[in-house]
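Worksheet: the structure to be examined is printed underneath.
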Amino acid sequence: MAIVERVSLPMESDEYREVEQLFEESNTKGFRIKSIDKVHNYELLQQFENKKEWYLETYGHVRVVKVFHGTRKDNVSSILRSNFDLDRSGSHIGHRFGVGVSFSAQSRYASHYCDDIGEKTMLLCKVLVSEIKEVPEVRNPIFVSRQPPEIPGREPLRYDTTAKNKEIMDVIVKYHMHSYYPTHVITFQ
């Protein structure tokens, strides 16, 4: 079983301020951060690093982006221990840009997926991105793509990420297990 270390960051630390700044850049709802915890799970980190090598070999390039994942407080421990469950992704609200794990560069967007009442939690994650494809929003679950489209001229290789808008990454969807790693838990109200 994976060991999860979770340490509360002091408000005056550089790391706290860096995470706070990312959160505040799109915090148009007036949320206030109560705490930021740094997370370390060696097993998940190794799987993430292995997946990063696979991306480099498969796509020839990869970048790591920091994005948010809103979730219910009850899900946090399980995610930190075992990572996101692709089978449960989208179970709270649904899939609109693909059946995978959704992230957003915008904290205000990710906050829609948090608990409705009281204290909320959001994860800041490192996510691997190589080939990203914008896709239209689909509200009918019957028509939502279960896998990303093939890359033209590189078939059968598929995009690793789909997005609402690939420039601002307001919504991105990941389809490969361990192409994401939760680094911080943000508690806010």
Hydrophobic cluster membership, with links at side-chain heavy-atom distances under 4.5 Å among I/L/V/M/F/W/Y: are [X] and [Y] in one?
X: Tyr59; Y: Val129; result: no
X: Val62; Y: Ile151; result: yes
X: Val65; Y: Val19; result: no
X: Leu124; Y: Met122; result: yes
X: Phe23; Y: Val76; result: no

Handout entry: ring pair (Phe, Tyr, Trp, His ring centres under 6.0 Å) partners of Tyr175, counting only residues at least two apart
Key = none

Exercise for the section: For His178, check ring pair (Phe, Tyr, Trp, His ring centres under 6.0 Å) against everything at least two apart and list the hits. Expected result: none

Closest non-hydrogen atom pair between [X] and [Y], with its separation:
X: His61; Y: Ser130; result: O-OG, 2.5 Å
X: Ala110; Y: Ser104; result: N-CB, 4.3 Å
X: Cys125; Y: His69; result: SG-CB, 4.5 Å
X: Pro152; Y: Tyr159; result: CD-OH, 3.5 Å
X: Lys166; Y: Met169; result: O-CG, 3.7 Å
X: Leu128; Y: Asp160; result: O-OD2, 3.8 Å

Hey, could you give me the [atom1]/[atom2] distance between [X] and [Y], rounded to the nearest 0.5 Å?
X: Arg81; Y: Ile79; atom1: CZ; atom2: CD1; answer: 10.5 Å
X: Arg32; Y: Glu24; atom1: CZ; atom2: CD; answer: 10.5 Å
X: Asn27; Y: Glu25; atom1: CG; atom2: CD; answer: 11.0 Å
X: Ile33; Y: Gln189; atom1: CD1; atom2: CD; answer: 13.0 Å
X: Gln106; Y: Leu22; atom1: CD; atom2: CG; answer: 12.5 Å
X: Asp74; Y: Thr121; atom1: CG; atom2: OG1; answer: 8.5 Å

Practice task
Quick one: do Val39 and Thr183 satisfy side-chain contact (heavy atoms from CB on, under 4.5 Å)? Show the steps, please.
Solution key: CA-CA 5 Å; Val39 176; Thr183 60; 5.9 Å; no

Quick one, [X] and [Y] - any side-chain contact, counting heavy atoms below 4.5 Å?
X: Val64; Y: Lys52; value: yes
X: Leu123; Y: Ile186; value: no
X: Trp54; Y: His176; value: yes
X: Lys133; Y: Thr161; value: no
X: Tyr55; Y: Ser179; value: yes
X: Tyr113; Y: Phe68; value: no
X: Lys174; Y: Val127; value: yes
X: Leu80; Y: Asn41; value: no

Answer yes or no: is there an ion pair linking [X] with [Y], defined by an N-O contact shorter than 4.0 Å?
X: Lys73; Y: Glu119; value: yes
X: Glu131; Y: Arg154; value: yes
X: Lys120; Y: Asp115; value: no

Which residues share a salt bridge (Lys or Arg N to Asp or Glu O under 4.0 Å) with [X], sequence neighbours left out:
X: Lys66; value: Glu18
X: Asp14; value: Arg17
X: Glu15; value: Lys38

Exercise for the section: Consider only side-chain N and O atoms of Ser35 and Ser8, and report whether a donor and an acceptor are under 3.5 Å apart. Expected result: no

Problem - Any donor-acceptor N or O pair under 3.5 Å, side chains Asn50, Gln47 - result: no

Practice task
Kindly indicate, with the supporting measurements, whether the criterion side-chain contact (heavy atoms from CB on, under 4.5 Å) is fulfilled by Phe84 and Thr71.
Solution key: CA-CA 11 Å; Phe84 297 94; Thr71 190; 6.0 Å; no

Handout entry: Geometric class of the His112/Tyr109 ring pair [parallel <30°, tilted 30-60°, perpendicular >60°]
Key = perpendicular

Problem - Parallel, tilted or perpendicular: ring planes of Phe31 versus Phe188, cut at 30 and 60 degrees - result: perpendicular

Exercise for the section: Verify the neighbour count for atom NZ of Lys51: are there more than 12 heavy atoms of other residues, nucleotides or ligands below 6.0 Å? Expected result: yes

Exercise for the section: Taking atom CE of Met177 as the centre, report whether more than 12 heavy atoms of other residues, nucleotides or ligands fall under 6.0 Å from it. Expected result: yes

Exercise for the section: Run the numbers on Tyr181 and Asn83 for side-chain contact (heavy atoms from CB on, under 4.5 Å), then give the verdict. Expected result: CA-CA 7 Å; Tyr181 175 70; Asn83 220 336; 5.6 Å; no

Exercise for the section: Sort and list the pairs that fulfil salt bridge (charged side-chain N to carboxylate O under 4.0 Å, His left out) and have at least one residue in residues 175-189, not counting sequence neighbours. Expected result: none

Practice task
Let me know which of Val171, Thr162, Val173 forms a side chain to side chain contact (heavy atoms under 4.5 Å, CB included) with Val135.
Solution key: Thr162

Problem - Sub-6.0 Å ring centroid separation between Phe103 and Tyr180 - result: yes

Practice task
Show your working on side chain to side chain donor-acceptor pair (under 3.5 Å) between Ser26 and Ser107 and close with a plain yes or no.
Solution key: CA-CA 6 Å; Ser26 66; Ser107 62; 3.2 Å; yes

Practice task
Dump the intermediate steps for side-chain contact (heavy atoms from CB on, under 4.5 Å) on Val185 and Ile36, then the final yes or no.
Solution key: CA-CA 6 Å; Val185 178; Ile36 300 173; over 6 Å; no

